[in-house]
A.B. asks: 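Below you'll find the structure I mean.
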Amino acid sequence: MSGFLKLLARNRLALAGGIVMALVVLLALVTPLLPLADPDVTNTGARFQPPFSEGALLGTDHLGRDLLSRLLWGTRLSLAVGFAAAIAAATIGAAVGIISGFYGGRVDNLIMRGVDMLMAFPYILLALAIVAALGPGLLNALVAVAAVNVPFFARNIRGITVGLAHREFVDAARLSGLSNARIILSEILPNVIPVIVIAMSTTIGWMILETAGLSFLGLGSQPPQADLGSMLGEARSALITNPHTSVVPGLMILIIVMSINLLGDGVRDALDPRLKSGALSRPMAATRVDRKGPAPESKGQGLLEVQDLQTQFHVKDRVYRAVGGVSLHVKPGECLGLIGESGSGKSVTALSVMGLVASPPGVITGGAVRYEGEDLIGAPYGRLRDMRGRNVAYIFQDPLATLHPLYRVGDQLIEAIRAHRPIGRKEGRARALDLLKSVRIPNPEKRLTDYPHELSGGMRQRIGIAMALANEPDVIIADEPTTALDVTVQAQILALLDDLRRERGLAIVFITHDFGVVAQLCDRVAVMYAGRIVEEGPTKAILERPLHPYTARLMACVPELGTGKRRLEAIPGLPPVVDRLPQGCAFAERCTRAQADCRAGEIGLHRAGPRAVRCIHPEAPLQEAAE
């Protein structure tokens, strides 16, 4: 609850709306205790007194009744009716929606067709018809307002329930023997309550307005009883001559509805985990750069050079140091393997190269990324957009998520080409056909007209590779492109990438967590842990003699065929949270070789020849391994 209130308080408009609404509700609650005149007592001799008159702070109406008293008692009544209507509509609508979505089939069809019939009528006309049938009166107006809003809640909750009814935890509840009623109450209802609260918070204002509208037409509150709508209705004849009689209730309606809507938006944002985490925030076109100090000097080590790269995620008051000073380089025709556990910073490092880390919350806070000597950190968006796909291309892990489901494969390939060069449709199709042939897709003419869902996982991955090759880039970053594939297809993809690298002189940065893939494809390997490089060197040398204990434990986790009963190792513990990195070596808590000096001070990356290791007590001496 405290976390919810903190999130709500961060939204200044919602906080302001909440404060105003709290004051209005408090005023309505204490109205019976205030020394007010009787709101229903008439005094025609004191009719239409202006505001600030003696004994009438807000003046009087056409019958000489005190406007302040009628306003406070009318506000009390309008709030009570609006909240009661919202609770009734939410309760009935949620029950209808849950039953419809949970049982499905004929039950769902029958209920939803009834809801559709109700929604086919304009809601205000339907409310008028209900009140006309039941007769004028505040209680009947409450029933009408609640009834016309039931379909809104039923539709929303039914949609959520349909998605929950076939989830694994509901199936598990069924298998455990729980009845449908118990499943609805214990499994479905707790998951839809936040949606109900959000829907209520955003509709109470409308219900108060609808109730006021019915009272304004004489179908709600009946004389001498007053609510805000009836006060407006009685004052309309004197709108020109005595406008204060209309302004007073109208202004109160404005204050109530505005404050409820602002508060409702804040409640929605605080209860929706996607909104409060920033997942629905529109990211910037390129990662935000807040680099402290000048960029490091170029060492001219390769076609693509990453120097002391630092990328962070700023979420509320926490700073996640996803990449904490990474330096890498890759030459033409070379394949560099970037390996480590999930969450070690591999993908964030790769996405930072072309400014693809989402901002907010991502921020590049230091270092440099140089392509042919040009620093890309902080480069204008136009320059980055021109280079994306043309100079540096990206192969993503899940091609089904990156290929558009509504466009044919050929159209997407042509779009990738035309983004960087002005070619005609016919020429583009010919180029797309050549790309499919280059990645060895059988029957490429037919595949051009296929949709992504019509292809297998291996075929979609080949399409992803073809799109990366569309503009003949110099560097390809492959982010675990074989993880979701079976071993046969994985071997084909790796062989394809290796052949393309040798034929075209591509520089490849291959992100993986599998040392078997590294051994097959990569010339050099860099091992990452907790956002930093902990070991680097030629692939063969690292596979034969790992220096960092983390590298050795990673390799021990890889199963080997034909080696007898070798025990399959596992690394104990979990990687540290990158917003609270420990002092010294981040791997110390999981390392069997850790000593007291491993937990004190900065541990640098020590180099000797082609080998580098960030460790005080490596598996073997660095100088010896470098020889």
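Quantities reported herein were computed from a predicted structural model and do not represent experimental measurements.
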A.B. asks: In plain terms, say whether Arg532 and Glu602 are close enough for a salt bridge, that is, a side-chain N and a carboxylate O under 4.0 Å apart.
C.D. replies: yes

A.B. asks: Hey, is Arg607 close enough to Glu536 for a salt bridge, meaning N to O under 4.0 Å?
C.D. replies: yes

A.B. asks: If you measure from the Lys or Arg side-chain nitrogens to the Asp or Glu carboxylate oxygens, is any gap between Arg383 and Asp386 under 4.0 Å?
C.D. replies: yes

A.B. asks: Between Val525 and Glu535, does a side-chain contact (heavy atoms from CB on, under 4.5 Å) hold up when you go through it step by step?
C.D. replies: CA-CA 8 Å; Val525 61; Glu535 184 169 357; over 6 Å; no

A.B. asks: Checking Arg447 against Asp450 for the salt bridge (Lys or Arg N to Asp or Glu O under 4.0 Å) test, could you report, in this order, the C-alpha distance in whole Å, the side-chain angles of both residues, the deciding distance, and whether it holds?
C.D. replies: CA-CA 5 Å; Arg447 298 304 180 196; Asp450 285 347; 3.0 Å; yes

A.B. asks: Any chance CD of Gln583 has more than 12 other-residue heavy atoms, nucleotides or ligands included, within less than 6.0 Å?
C.D. replies: no

A.B. asks: So does Lys299 pair up with Glu305, basic N to acidic O under 4.0 Å?
C.D. replies: no

A.B. asks: Dump the intermediate steps for side-chain contact (heavy atoms from CB on, under 4.5 Å) on Glu372 and Leu303, then the final yes or no.
C.D. replies: CA-CA 5 Å; Glu372 293 186 333; Leu303 176 64; 3.5 Å; yes

A.B. asks: Any chance you could lay out the side-chain contact (heavy atoms from CB on, under 4.5 Å) test for Leu469 and Ile476, step after step, and finish with the verdict?
C.D. replies: CA-CA 8 Å; Leu469 295 171; Ile476 287 183; 3.5 Å; yes

A.B. asks: Would you give the length of the straight line joining atom CZ of Arg611 to atom NE2 of His606, rounded to the nearest 0.5 angstrom?
C.D. replies: 14.5 Å

A.B. asks: Applying side-chain contact (heavy atoms from CB on, under 4.5 Å), run through Leu497 and Ile395 and close with a yes or a no.
C.D. replies: CA-CA 11 Å; Leu497 285 173; Ile395 302 173; 4.1 Å; yes

A.B. asks: Can you tell if the side chain of Ile477 reaches within under 4.5 Å of the side chain of Ile511, non-hydrogen atoms only?
C.D. replies: yes

A.B. asks: Is it true that atom CD of Gln301 has more than 12 heavy atoms of other residues, nucleotides or ligands lying nearer than 6.0 Å?
C.D. replies: yes

A.B. asks: Does any N or O in the side chain of Arg614 come within less than 3.5 Å of the main-chain N or O of Ile533, such that one atom is a donor and the other an acceptor?
C.D. replies: yes

A.B. asks: Look only at the side chain of Ser298 and the backbone of Gly373, and say whether a donor-acceptor pair between them is shorter than 3.5 Å.
C.D. replies: no

A.B. asks: For the atom pair CG (Leu406) and CD (Gln412), what is the distance rounded to the nearest 0.5 Å?
C.D. replies: 9.0 Å

A.B. asks: Is there a side-chain contact between Glu445 and Leu436 in this structure, where contact means two heavy atoms from C-beta onward sitting under 4.5 Å apart?
C.D. replies: no

A.B. asks: Look only at the side chain of Arg524 and the backbone of Pro610, and say whether a donor-acceptor pair between them is shorter than 3.5 Å.
C.D. replies: no

A.B. asks: Do Leu351 and Thr311 make a side-chain contact, defined as non-hydrogen atoms from C-beta onward lying under 4.5 Å apart?
C.D. replies: no

A.B. asks: Within the side chain of Lys346, is there an N or O that forms a donor-acceptor pair under 3.5 Å with the backbone of Glu341?
C.D. replies: yes

A.B. asks: Under the side-chain hydrogen bond (donor to acceptor under 3.5 Å, both in side chains) rule, collect the residues that match up with Ser347, sequence neighbours excluded.
C.D. replies: Asp479

A.B. asks: Does any non-hydrogen side-chain atom of Ile571 lie less than 4.5 Å from one of Arg553?
C.D. replies: yes

A.B. asks: Determine whether the side chains of His617 and Asp597 contain a donor N or O and an acceptor N or O closer than 3.5 Å.
C.D. replies: yes

A.B. asks: Do Ile441 and Ile463 come within less than 4.5 Å of each other through their side chains, counting heavy atoms only?
C.D. replies: yes

A.B. asks: For the CG atom of Asn391 and the CD atom of Glu374, what is their distance to the nearest 0.5 Å?
C.D. replies: 8.5 Å

A.B. asks: Look at the side chain of His420 and the backbone N and O of Arg388, then say whether any donor-acceptor pair between them is shorter than 3.5 Å.
C.D. replies: yes

A.B. asks: Is the shortest heavy-atom distance from the side chain of His329 to the side chain of Arg370 under 4.5 Å?
C.D. replies: no

A.B. asks: Do other residues, nucleotides or ligands put more than 12 heavy atoms under 6.0 Å from the CD atom of Glu297?
C.D. replies: no

A.B. asks: Could you tell me if the side chain of Val578 sits less than 4.5 Å from the side chain of Phe313, heavy atoms only?
C.D. replies: no

A.B. asks: Which heavy atom of Gln310 sits nearest to which heavy atom of Gly325, and what is that distance?
C.D. replies: CG-N, 3.6 Å

A.B. asks: Out of Arg502, Lys540, Arg501, which one pairs with Asp523 under the salt bridge (Lys or Arg N to Asp or Glu O under 4.0 Å) rule?
C.D. replies: Arg501

A.B. asks: What are the two closest heavy atoms between Arg408 and Leu448, and how far apart are they?
C.D. replies: CB-O, 3.8 Å

A.B. asks: If you measure from the Lys or Arg side-chain nitrogens to the Asp or Glu carboxylate oxygens, is any gap between Arg545 and Glu619 under 4.0 Å?
C.D. replies: no

A.B. asks: Measure the CZ-CD distance between Arg504 and Glu472 for me, rounded to the nearest 0.5 Å.
C.D. replies: 6.0 Å

A.B. asks: Between Ile603 and Cys615, which heavy-atom pair has the shortest distance, and what is it?
C.D. replies: CG2-N, 4.1 Å

A.B. asks: For the residue pair Pro442 and Met459, establish whether any side-chain heavy-atom pair is separated by less than 4.5 Å.
C.D. replies: yes

A.B. asks: Got a second to check how far Ile364's CD1 is from Thr287's OG1, nearest 0.5 Å?
C.D. replies: 5.0 Å

A.B. asks: Closer than 4.0 angstrom, basic N to acidic O: yes or no for Lys292 and Asp290?
C.D. replies: yes

A.B. asks: Check the orientation of Tyr451 and His453. Use parallel for under 30°, tilted for 30 to 60°, and perpendicular for over 60°.
C.D. replies: parallel

A.B. asks: Do any pairs count as a ring pair (Phe, Tyr, Trp, His ring centres under 6.0 Å) and have a residue in residues 497-545, sequence neighbours left out, and if so which ones?
C.D. replies: Tyr529-Tyr550, Tyr529-Phe587

A.B. asks: If you draw a 6.0 Å radius around CZ in Arg385, do more than 12 non-hydrogen atoms from other residues or ligands fall strictly inside?
C.D. replies: no

A.B. asks: Which pair of non-hydrogen atoms, one from Met467 and one from Ala416, has the smallest distance, and what is that distance?
C.D. replies: CE-CB, 4.2 Å

A.B. asks: Does any N or O in the side chain of Arg291 come within less than 3.5 Å of the main-chain N or O of Gly367, such that one atom is a donor and the other an acceptor?
C.D. replies: yes

A.B. asks: Considering non-hydrogen atoms only, spot the tightest contact between Leu376 and Val353 and give its length.
C.D. replies: CD1-O, 3.8 Å

A.B. asks: Could you tell me whether Arg167 atom CZ has more than 12 heavy atoms of other residues or ligands within 6.0 Å of it?
C.D. replies: no

A.B. asks: Which distance, rounded to the nearest 0.5 Å, do you find between the CD of Gln312 and the CZ of Arg318?
C.D. replies: 14.0 Å

A.B. asks: What closest approach, in Å, do Ile377 and Asp375 show between heavy atoms, and which atom pair accounts for it?
C.D. replies: N-OD1, 3.1 Å

